Protein chains: 2
Amino acid sequence: MDQSDAATRTRNGDRKAPPTIYDIARLTGVSPSTVSRALNKPGRLNAQTERRIRDAASELGYRINPMARALPTGKTGTLGLLVSDITNPAYFDLVRGAERVASETGMTIVFADSQESPELERSTAERLQTSVDGLLLVGSRLEDQQIQELSSVKPLVIVNRLVDGIPAVFPDVRPGITTALELLREAGHRRIAYLAGPEASWMNGQRWQHAFEIAVEWDMSIVEIKSNAPTREGGAEAFGRVKAADVSAVLAYNDLVALGLLRECRDHGLDVPGQLSIVGFDDIFGADLPTPALSTIRMPLAALGENGIRRLLAEIDGGASEDDAALPTKFVGRESIGPVGV
Amino acid sequence: MDQSDAATRTRNGDRKAPPTIYDIARLTGVSPSTVSRALNKPGRLNAQTERRIRDAASELGYRINPMARALPTGKTGTLGLLVSDITNPAYFDLVRGAERVASETGMTIVFADSQESPELERSTAERLQTSVDGLLLVGSRLEDQQIQELSSVKPLVIVNRLVDGIPAVFPDVRPGITTALELLREAGHRRIAYLAGPEASWMNGQRWQHAFEIAVEWDMSIVEIKSNAPTREGGAEAFGRVKAADVSAVLAYNDLVALGLLRECRDHGLDVPGQLSIVGFDDIFGADLPTPALSTIRMPLAALGENGIRRLLAEIDGGASEDDAALPTKFVGRESIGPVGV
DNA sequence: CGACATTCGACAATCGGTTGCCGAGCGATT
DNA sequence: AATCGCTCGGCAACCGATTGTCGAATGTCG
């Protein structure tokens, strides 16, 4: 059959197998084990032998086969990154940060989302676990116990979540919320609303809880308004309820719902910030785009991704239990906040 | 050191090895090969034996080890997705589409970006190739020959690019551009500019070329204005040159630069669309956010991702050379286009 | 009832590395 | 000069699956 291969160029039978350490061994006249050592135990071999082997390797264009290596070592050189919803631009900054440190350390990231479905999240996590060295769960919607189970299989780090016994990386939302409410209060706001996110989201709980505490402390009234989904549509859909709540300012679960609400206000002729002040959360791409530009509480998204991966790597090779300091959030003042109308 | 393990609960020594087919074999009293057949050659075995084995497998919580399977079969169940720059929201939608199809077919996606660097792209592609069944190159900045070389190693599909002999998925930019220029012409525009993207980008070439042809055909003057980077910053930075060019409308390489330019116009008090009309490309998240909302030529991003993966899968198991129809683009009229000022 | 076909499941080799163990060879030490 | 110890590199087992081959058992048919 070989003779026909030369003719049909698009046939993929003509792909030749990549060189292996056996090829290098044959070429240099040593044993495969020696090649293996030359390539990843620098100094273990005679310098000249090592040189010779390395040269042969690069001449052959040798690339290690990660699968073959993974088998005996159990290390795949791969990290799993599972987010609750790729649709949210917030995750892109996070993914970006994660991808950066991963590629710096020579790790590969496999990426998946669970579309806000706990079932899908669990099955995807389990599937990934068989082929990665560790898993980074971002904004998990699973229950604590499920996360603990996953963690008993392979190293696992959670981002934007806190579960007993599980290494976590998360932001401190307090500073950002504090500044935001401070400003709102100074601007005369006394009745505010929190436009909520998914109930299964730990982050949502955090945001609500801290906003609540601070508002109460400062003697502002605060109510929680439900939303259908943490999306622009969800925010737009909540417009009616926001309006009915008779508040002068809204703190939204995230920028997506804030943006949705903001747009709906514009479409309904409700002046922002004249009649309603809006504060978002995350500072995603595009938050500064609308008029008025969205004031928001910036999440250290890239840093969360970076630290998440770093923490995971530490967890994988050692189990160093250094607890990360919670990364601070920061209020970003733009145009969607104003003095309360008369 | 082992005795300390029991004490420190965070130690990862307590993770037990996952069950293998050997465990199942022992449990059911058959040989490992029989287990293998029971699990992935339905019907090959006696129905009862198969049942018994399957039950044991699920009881043990058996998950196949993809690495171990990959070794003899050469199939990893993984696809590589390499984009030129994760920063661009346009890729979000594309990645989303790709991820969808992949997870539907039980494939896993490994994801990486090359930060607009051809060198990085090449090395990353080569690295990925050793551990995936195929590669999807999106907006590649490599030279044709390099792509062909990569393609000779493993199945490869390119998106937003055309290279001789390489399966490709790409949009037809013509319809969108046609409509856009048509509208501009009707609105009285006679002198327009194309705010260019990266020279290494095939897509940029396409957009320029078609815009050029159509403009010439319709007797409009068109000039190409360089930009430093296909980002918001790049667009903002080009503001001076756009202004100096004395045109009444700008067609931008993508929404990012359009958005940057738009913002810069606002900051400099140049009225859009009163004094300048702007049209973007891609219809990314956020394009509808600014005031004026950005008119743009929508790319079928999700479809590109989906078809890209589908094409890749076809390429992997068969080499079916069915050529995809080019997906049409569509003009999305919003607010950044207006009649030419006097 | 015997020959033959067919079904079922085990054996063993293989994929491409890694690594513990061992022995050969060498120089240094006393 | 004999011993010691160290360096260097090979042997072979192993990681967890897949698969070609083959023998045994079963059933079928004449």
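The sequence lines fix the lettering, A, B, ..., with proteins before strands; numbering per chain opens at 1. The model shown is predicted, which means the values in this text are computed figures rather than measured ones.
For Ala68(B), counting side-chain heavy atoms from C-beta on, the closest listed nucleotide (dT18(D), dG16(D), dC11(D)) is dG16(D). Taking every side-chain heavy atom of Ser31(A) into account, dC11(D) is the closest of dA10(C), dC11(D), dA17(D). The side chain of Arg44(A) approaches dC21(C) more closely than any other nucleotide in the set dG16(D), dC21(C), dG16(C). Among the nucleotides dG16(D), dG20(D), dC11(D), the one closest to any side-chain atom of Leu71(A) is dG16(D). Comparing dG9(D), dG17(C), dA17(D) by their nearest atom to the side chain of Tyr62(A) picks out dG17(C). Considering only the side chain of Lys41(A), dT19(C) comes nearest among dT19(D), dG10(D), dT19(C).
Within 6.0 Å of CD on Glu143(A) lie no more than 12 heavy atoms contributed by other residues, nucleotides or ligands.
Atom CG in Leu45(B) sits roughly 15 Å away from atom C1' in dT26(D) (whole-Å rounding). Atom-to-atom, CD of Gln48(B) to P of dT7(C) comes out at 17 Å; the value is rounded to the nearest Å. Atom pair Ile64(B):CD1 and dC15(D):C1' shows a separation of 14 Å (rounding to whole Å applied). Between Met67(A) atom CE and dG16(D) atom P the separation is 16 Å, expressed in whole Å. The CG-P distance, from Leu39(B) to dT18(D), rounds to 8 Å in whole Å. Here dT18(C) presents its P atom at 11 Å from CD1 of Ile24(A), a figure rounded to the nearest Å. When the C1' atom of dT18(D) is taken as reference, atom OH of Tyr22(B) falls 9 Å away, rounded to whole Å.
Ile21(A) comes within 4.0 angstrom of a base, heavy atoms only. Across all strands, Ser36(B) comes closer than 4.0 Å to base atoms (heavy-atom distances).
Under a 3.5 Å cut-off, the side chain of Lys154(B) and the backbone N or O of Val132(B) do form a donor-acceptor pair.
The phosphate of dT7(D) (OP1 or OP2) has no side-chain N or O of Asn46(A) nearer than 4.0 angstrom. For Asn40(B), a side-chain nitrogen or oxygen approaches OP1 or OP2 of dT18(D) to under 4.0 Å. Listed pair Thr73(A) / dC15(D) fails the phosphate criterion, with no side-chain N or O lying under 4.0 Å from OP1 or OP2.
Looking at Arg69(B), its side chain has no donor and acceptor atom pair within 3.5 Å of the base of dG16(D). Looking at Arg37(A), its side chain has no donor and acceptor atom pair within 3.5 Å of the base of dG17(C). For dC11(C), its base sits under 3.5 Å from the side chain of Ser33(B) at one donor and acceptor pair at least.
Taking for each of Thr34(A) and Thr34(B) the nucleotide of DNA chain D with the nearest heavy atom, the 5'-most of the two is the partner of Thr34(A). Each of Pro72(B) and Glu50(B) was assigned the nucleotide of DNA chain C with the nearest heavy atom; the assignment lying further toward the 5' end belongs to Glu50(B).
In terms of heavy atoms, Arg161(A) sits closest to Asp144(A) at NH2-OD1, 2.8 Å.
Using a 30° and 60° split on the angle between ring planes, Trp202(B) and Phe170(B) fall in the perpendicular class, above 60°.
Ion pairing of Arg96(B) with Asp85(A) is absent here, as no side-chain N (NZ or NE/NH1/NH2) approaches a carboxylate O to less than 4.0 Å.
Tested against Pro66(B) for a side-chain contact (heavy atoms from CB on, under 4.5 Å), the candidates Thr130(A), Leu128(A), Thr76(A) yield a single pass: Thr130(A).
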